[in-house]
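Below: one structure, written as structure tokens.
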Amino acid sequence: MTHPAPYTFDPSNLTQAVDEARDRVHRAEARMARVACALIAASVRDILTDYDPDPAAPFDAATFRLTVNQHQRVITDGTYWTASGEERRITDHLDLFGLAEWTTELDHYNRAVWEPLCQYEGKEGDSTHYRLDLAQAAVLPAEIQNSARVAEIRDRLAASTRGPWSSEEFVYNRNGGLVSAGDPDAVHTDFVVTDADDIRVAEIAVNHDGPEDTETPEEDIAATRANADLIARAPEDLAFLVAYLAHVCGGEDAEAAHLRGYCGHCGTALYTSALEQTPAPLDSATECLSRRLPGGRTLQLQHVLRT
């Protein structure tokens, strides 16, 4: 009788894969919820103008009722309000059925996307009513991700020196000698931010040689350390946020892999994405070759981008 060959798996890799997959699903659902809000606004406009293609066709809806029911799903009864506050209602069953196609995309779990577009109306039994601002919902935030401000951020990121950046702490005594952090002779602390080529990007200093410098040296050093860490992580954090904005607002795939180069050890193709700037193969493995050292020890090499 034969038995299947034993196999092993890496629990940490599986956990990471599950987390990444769930994160992608969450982002896709957030994008769909925002698009659904725009589609609700477009549907209300079409119904009230009898599908008039003229963008200037008049209609009187300003807000539209969304109701979270006892099952935490979003439904509508067709109620809307004019700019003057007059309450009216869409009653045609086919129209309501069409609207339901988009309201059912909204629920308790993606409310962080649609709730900011609404005014809270109140509770009624197990249901909670909101009024969707139709004008706000109709404008997909693609205009934001394509705005001049975001374009300037992208340009500054592209012009900055190569990442990742890192921050290093240097502590000195009165003679200018290096001492360890927390040393009683420490009177000055420098935080130096450098890029991937060890080029100095920024330096922040804290003098703490007695009360004439500061009465709260520990708090000042901690705050400056946090500032240096913010600067060091700014490029990758901004790149992530810009990519996430494009993903949610513009429909771009932030996880799409782009060939960055090849491993200097084994020649494996290495890729990056807008959300992951560390070059890695498509299987996300970080290790490539192993080399046997004198004495029987094995050295596992990491993938390194060929320069």
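In what follows, every heavy atom counts, from backbone to side chain, and hydrogens, waters and symmetry copies are set aside.
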Mind listing the closest non-hydrogen atom pair of [X] and [Y] along with its distance?
{"X": "A232", "Y": "S166", "value": "CB-C, 4.0 Å"}
{"X": "P281", "Y": "T268", "value": "CB-CG2, 3.8 Å"}
{"X": "L99", "Y": "I40", "value": "CD2-O, 4.0 Å"}
{"X": "E105", "Y": "A36", "value": "CB-CB, 3.8 Å"}
{"X": "L96", "Y": "G78", "value": "CD2-CA, 3.6 Å"}
{"X": "T63", "Y": "D133", "value": "CG2-CA, 4.3 Å"}

* Applying side-chain contact (heavy atoms from CB on, under 4.5 Å), run through L117 and R34 and close with a yes or a no. => CA-CA 10 Å; L117 304 174; R34 185 60 187 86; 3.8 Å; yes
Any side-chain heavy atom of [X] sitting closer than 4.5 Å to one from [Y]?
{"X": "R111", "Y": "V74", "result": "no"}
{"X": "Y262", "Y": "L270", "result": "no"}
{"X": "D220", "Y": "D213", "result": "no"}
{"X": "H303", "Y": "C266", "result": "yes"}
{"X": "T103", "Y": "L66", "result": "yes"}
{"X": "D77", "Y": "R65", "result": "yes"}
{"X": "I221", "Y": "F191", "result": "yes"}

Verify same cluster id: [X], [Y] (apolar side-chain graph, 4.5 Å):
{"X": "V113", "Y": "L106", "value": "no"}
{"X": "L134", "Y": "Y51", "value": "yes"}
{"X": "I90", "Y": "W81", "value": "no"}
{"X": "V68", "Y": "M32", "value": "yes"}
{"X": "I231", "Y": "V206", "value": "no"}

* To do: For Y130, enumerate each residue passing the ring-ring contact (aromatic ring centres under 6.0 Å, His included) test, keeping only those at least two apart in sequence or located in another chain.
  => W114, Y120
* Residue E124 excluded, over 12 heavy atoms near CD under 6.0 Å -> no
* Asked: Is it true that atom CZ of F170 has more than 12 heavy atoms of other residues, nucleotides or ligands lying nearer than 6.0 Å?
  -> yes
* Which pairs, with at least one residue in residues 178-191 and sequence neighbours excluded, count as a side chain to side chain donor-acceptor pair (under 3.5 Å)? -> H188-D190, H188-N207, T189-H208
To the closest 0.5 Å, what do you measure between [atom1] ([X]) and [atom2] ([Y])?
{"X": "E101", "Y": "L39", "atom1": "CD", "atom2": "CG", "value": "8.5 Å"}
{"X": "E168", "Y": "T194", "atom1": "CD", "atom2": "OG1", "value": "7.0 Å"}
{"X": "T128", "Y": "N69", "atom1": "OG1", "atom2": "CG", "value": "9.5 Å"}
{"X": "C118", "Y": "Q136", "atom1": "SG", "atom2": "CD", "value": "9.0 Å"}
{"X": "L157", "Y": "E152", "atom1": "CG", "atom2": "CD", "value": "12.0 Å"}
{"X": "F240", "Y": "E236", "atom1": "CZ", "atom2": "CD", "value": "11.0 Å"}

* To do: Please name the residue in the list D50, D54, L48 that meets the side chain to side chain contact (heavy atoms under 4.5 Å, CB included) test with D52.
  =>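 The side chain to side chain contact (heavy atoms under 4.5 Å, CB included) with D52 is passed solely by D54 among D50, D54, L48.
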* N110 side-chain N/O to D107 backbone N/O, donor-acceptor pair under 3.5 Å ->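 Such a contact is found between N110 side chain and D107 backbone.
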